[in-house]
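Below is one structure, written out as structure tokens; comments come after it.
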Amino acid sequence: MCAASTTREASERLSAFAPAPHGWRRNRLRYGFNEIDGWPGFAYSEKREEIYRRLRLMNTEIVRLFVFDKPVPDPFKNWRFFAAVIDAVLASGAKPMITFAKFEPPFNDPVRISRYVARTSEIVWSCLEQWGGKEVASWYWCVWNEPNNPDVGGNLSYADYLAIYCAIAEEIIALVGPHTPDGRVLIGGPSIDGTQRAYWLDWMAQLLQDVDDRMLAFVNWHMYADWRPAVPVDTVTVKLVDDPAPPSGLQFEALTMARTPQYEARARSVARLIGDRDVLNFCGELNTIAHHEHAFTGGLNRNLFGAAYYASAIVNLIRGGADLEMRWTATSKHWYGVDDAYGLLTNLGKPTPPALAKQIIAQHVRRGDLVRFPEPPPALIGIDAVMARNAAERLSIVVVNTLPGTRDIDLSTLDPGLDNCRDMLLLDGTTAGRVVRKTRNGPVRIEGYGLAILSEDCSRTVID
């Protein structure tokens, strides 16, 4: 492995943890999405412009797409549909992260790897032909998806994955590198399954050890709160492997929400492995429960609980110094007249409560803003908060209630400098699934799972 050098990205990462006046530091987090099963609505629905508008309001910078896996357009069989999905990403103001996964085992067969690299090369070449080198040079490329997951990625050994990664990376760099200022391409992996039973951090350490900065621009990890059902096991058809049956009801909700601080801890763990290298730290998939059926998730991906979970995850990823969060997924797939349990938006662009939560957070806490994290007093356990000051010196605070009860929050107990934050945006049990504007007079009340944004100026925040 060649020696790593400290570059602008690495310096910015270190500054995110370095002491700053009054505890402020720069926010590094990019907002993103996976756009997978719901691609027909994203690219072709009559309301696709509304979907793009929502994604822009969420400051979406990167949208992850798949090739050779999942029910997405095959670029060899229907390039027109594949190109339409990429055009939709660009129309939303984002850049695509094209994920190459996967081929049939055996994964250590040199002939299969060679054929796979050839197919990958053809797609990259076609992208350069259609969108031009200047545009494609700003895209992201990801090798494989959850290689340690038997059901999703094939349960590869690390050695097999490394061979595939290096072969594909060399090919993409040869094609895209000449169009970049320094020959470096935004390529990474392994999009590792980060469930509690998987040794996901081993893969990060090994990949960072074995691949130098020329061939590794980001490392990518996934985290869902749970992969088990949110409802009694005997009510669903589910394979639990050797896992214990989960609790249900309020116990399951408490267990699930208790995991959001892991986003900070995991981001910090990966950052320590990266050190001062020019490698970005991506949380490439996150959601509450890893399943697309409402009967399995009990609504927890898309209701107010899901809004509080997602908001808390975002706050913790910012605190942990992550460079990207990518919700699974942006647009719902329409299954027999019903949207799936993943998408933040329906296939017609209608937002769920988690979509509205992200929409208002992203307008008040942007990449590059100064941020700090007030520590709530013991009486406010379960409250997550981040303060943000933008380039125009507007001060805002996001306050998330991760517990089911009503909370009254005196802002002065969080930070004495918040007195002028009187404009309020509220999403909780009283707002009927919408964001409402209020003027703060006294403590901030959040009834049940939800969040509030208090700011010196919310007048330009789009909440519809």
Side-chain angles (χ1 to χ4, degrees), residues 16 20-29 31 57-59 260 264 304 307-319 353-403 405-431 434-464:
H22 310 295
W24 295 89
R25 60 179 170 85
R26 294 287 174 189
N27 175 31
R28 299 183 50 81
L29 191 73
Y31 298 111
L57 287 172
M58 297 179 204
N59 286 330
T260 61
E264 177 190 0
L304 279 172
Y309 179 92
Y310 193 21
S312 177
I314 289 173
V315 171
N316 278 284
L317 284 167
I318 294 172
R319 183 157 41 204
L356 295 173
K358 184 173 183 177
Q359 181 174 308
I360 58 175
I361 291 172
Q363 292 178 76
H364 283 265
V365 188
R366 297 173 178 264
R367 184 158 69 100
D369 285 355
L370 287 170
V371 292
R372 64 180 295 183
F373 303 91
E375 288 297 328
L380 292 180
I381 189 170
I383 294 293
D384 285 329
V386 59
M387 296 167 60
R389 190 179 295 279
N390 67 10
E393 293 297 312
R394 179 189 68 180
L395 179 64
S396 303
I397 182 170
V398 178
V399 181
V400 186
N401 182 20
T402 67
L403 297 180
T406 298
R407 316 300 295 279
D408 289 312
I409 302 141
D410 182 349
L411 289 189
S412 67
T413 65
L414 298 179
D415 192 285
L418 294 168
D419 189 57
N420 290 331
C421 292
R422 297 193 172 274
D423 283 2
M424 182 164 74
L425 306 174
L426 181 65
L427 176 65
D428 72 354
T430 69
T431 66
R434 309 298 299 176
V435 177
V436 300
R437 298 181 188 270
K438 292 187 174 184
T439 300
R440 177 179 69 87
N441 292 301
V444 176
R445 171 165 287 191
I446 304 177
E447 297 198 19
Y449 301 117
L451 70 150
I453 293 180
L454 293 304
S455 179
E456 294 172 337
D457 183 9
C458 288
S459 61
R460 292 183 293 277
T461 308
V462 180
I463 66 171
D464 65 310

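His364 NE2 to Arg394 CZ: the interatomic distance, rounded to the nearest 0.5 Å, is 4.5 Å. Separation of atoms CZ (Arg367) and CG (Asn59) is listed at 10.0 Å; rounding is to 0.5 Å. With rounding to the nearest 0.5 angstrom, the OH atom of Tyr310 is 8.5 Å from the CD1 atom of Ile361. For the atom pair Leu425 CG and Arg437 CZ, the distance stands at 6.0 Å (nearest 0.5 Å). Atoms CG and CD1, on Leu414 and Ile383 in that order, are 8.0 Å from each other to the nearest 0.5 Å. Between Asp384 atom CG and Thr260 atom OG1 the span is 5.5 Å, to the nearest 0.5 Å.
Using a 4.5 Å heavy-atom threshold, the side chains of Ile397 and Asp415 count as separate. Here the side chains of Ile360 and Leu451 are in contact, with some heavy-atom distance below 4.5 Å. Counting heavy atoms from C-beta outward, Leu426 and Ile446 have side chains that approach closer than 4.5 Å. Here the side chains of Asp428 and Arg445 are not in contact, with every heavy-atom distance at 4.5 Å or above. In this structure the side chain of Leu356 reaches within 4.5 angstrom of the side chain of Arg434, judged on heavy atoms.
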* **From CA spacing to verdict: side-chain contact (heavy atoms from CB on, under 4.5 Å), Phe373, Asn316** => CA-CA 10 Å; Phe373 303 91; Asn316 278 284; over 6 Å; no
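Nearest approach of Arg407 to Ile381, heavy atoms of both residues: NH2-O, 2.9 Å. Nearest approach of Asp423 to Asp457, heavy atoms of both residues: OD2-CA, 3.5 Å. The two residues Arg440 and Leu454 have their closest heavy-atom pair at CD-CD1, 4.0 Å. Residue Ala308 comes nearest to Val400 through the heavy atom pair O-CG1, 3.6 Å, listed as atom of the first residue, atom of the second, then distance. The two atoms that bring Leu395 and Trp24 nearest to each other are CD1-CH2, 3.7 Å, heavy atoms only. Taking both residues in full, the closest heavy atoms of Tyr31 and Ile314 are given as CE2-CG2, 4.0 Å, listed atom of the first, atom of the second, then distance.
Without hydrogens or angle criteria, Asn390 side chain to Asp369 main chain gives no donor-acceptor distance under 3.5 Å. Without hydrogens or angle criteria, Glu264 side chain to Val315 main chain gives no donor-acceptor distance under 3.5 Å.
Among residues two or more places apart in sequence or in another chain, the salt bridge (Lys or Arg N to Asp or Glu O under 4.0 Å) test is passed with Arg422 by Asp419. By the ring-ring contact (aromatic ring centres under 6.0 Å, His included) test, Tyr309 pairs with no residue at all, sequence neighbours left out.
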